[in-house]
Amino acid sequence: MLWRQQVQIRRIENQRLLSQAQWVARGALDWTRLILRSEGDTSAGITYLGGLWGVPIAKTRLSDFLGQIGEVRAEQGQETYLSGSIEDAQSKFNLRNLVSSPAPGIMQLNTEQIGAYQRLLVSLGVNSQLAKATAVQVRTSLAQSATRFQTITSTTGTTSTTAAPITAGGGATGGSFTDKPGIEDGDDNAAVAPLQMTSVDSLLDIPGYTPDMIARLRPFVTVLPTVSAVNMNTASAEVVAAIVPGMSLSAAQAFVARRQTVFFHNVSDVQLALRGAGLQQVQIDQNDMDVNSNYFLIHGRVQHERAVVDRTTLVYRDALTHTTRIVRIQDQL
């Protein structure tokens, strides 16, 4: 009887510690969102690696943050530790870009983005034939997504979001448009929509991908709710070489090295830098690259005595008001 009572007490303590750790993680997330908003106010229209948001927080005792507001609260945070970092989600290749929506109700494969993804796969030593299958999977999984017709386009340094009106049944209204994807080469199961892709791990649903491939792709690939441009201030050399046709990996590495001294203020600066890298005749859509970001990944870890909360949160920051909102939260097991 005493042993069972002790087990029950221990279980209740663990639940209490986990709940407290989750509340601390929520407070840390709100604090991080405040940093993103403040950064947007001070550096409007530009997101670069030298910003305050790019400074990671090493494992720090919570009492070090609370010590300035009272010794009693500081003592309560002696056994609680925080750590984390902010990652620019638009520094990676967005798999959502593989499908474009030229008009509300129409979803089609983007051949240019498929070619860019093929180049990225080749540079990472992954089978490039998976690019077309990935694009088909993305389009099919968007069949019932509320954001399937939303796009983010950059105009003179600002970002605007347009979307087709959504009916209660999930389709677009008006005209003769349809919200069902068409059947293209090898897309025999278009009527059977898979689960919507929300992370790189969803690639495991596509035949041909392996866990080792996912591990190689994770630092360079992401899945965002809407079409987005690559931030040339934060993108890696592999991603830059993929989205710029005719650019070698060595040239992209030199491009990234020069970027460390002076960041880009607008897309024109990026084009001048590309010409300086030897790409005189490069043709690239300005909607594919930008110098600002709207999506950020917040990696946070809270250790509260025995309880540990390891959480990754996708946050959207509005380009005009700089307000932030949570898109999705994923806890690491």
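Just so you know, residue 1 is the first one in the sequence shown, and it goes up from there.
- Ring geometry, Phe255 versus Phe264: the interplanar angle falls under 30°, so the pair is classed parallel (tilted spans 30 to 60°).
- Side-chain N/O atoms of Lys132 and Gln118 include no donor and acceptor closer than 3.5 Å.
- In this structure, Ile35 CD1 and Ile86 CD1 are separated by 5.5 Å, a value rounded to the nearest 0.5 Å.
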Please tabulate, one pair per line, all N/O donor-acceptor pairs under 3.5 Å involving side-chain atoms of residues 207-214, not counting sequence neighbours.
{"residue": "Tyr209", "atom": "OH", "partner": "Tyr117", "partner atom": "OH", "Å": "2.9"}
{"residue": "Tyr209", "atom": "OH", "partner": "Thr134", "partner atom": "OG1", "Å": "2.6"}
{"residue": "Thr210", "atom": "OG1", "partner": "Met213", "partner atom": "N", "Å": "3.3"}

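- No side-chain N or O of His304 forms a donor-acceptor pair with one of Glu79 less than 3.5 Å apart.
- No side-chain donor-acceptor contact under 3.5 Å links Asn94 and Thr222.
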Problem set entry | Tyr295/Thr226 under side-chain hydrogen bond (donor to acceptor under 3.5 Å, both in side chains): CA gap, chis, key distance, verdict | CA-CA 10 Å; Tyr295 290 99; Thr226 59; 2.9 Å; yes
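- Residues Lys92 and Glu87 are paired through a salt bridge, judged by an N-O separation under 4.0 Å between the basic side chain and the carboxylate.
- Counting heavy atoms from C-beta outward, Val230 and Asp290 have side chains that stay 4.5 Å or more apart.
- Atom CZ of residue Arg328 and atom OG1 of residue Thr312 lie 10.5 Å apart, to the nearest 0.5 angstrom.
- The backbone N or O of Ser293 sits less than 3.5 Å from a side-chain atom of Thr47, completing a donor-acceptor pair.
- Checked by atom type, the side-chain pair Asn231/Ser91 shows no donor-acceptor distance below 3.5 Å.
- Side chains of Leu49 and Arg259 form a contact here, defined as non-hydrogen atoms less than 4.5 Å apart.
- Judged by distance alone, the side chains of Thr321 and Asp318 do bring a donor and an acceptor atom under 3.5 Å apart.
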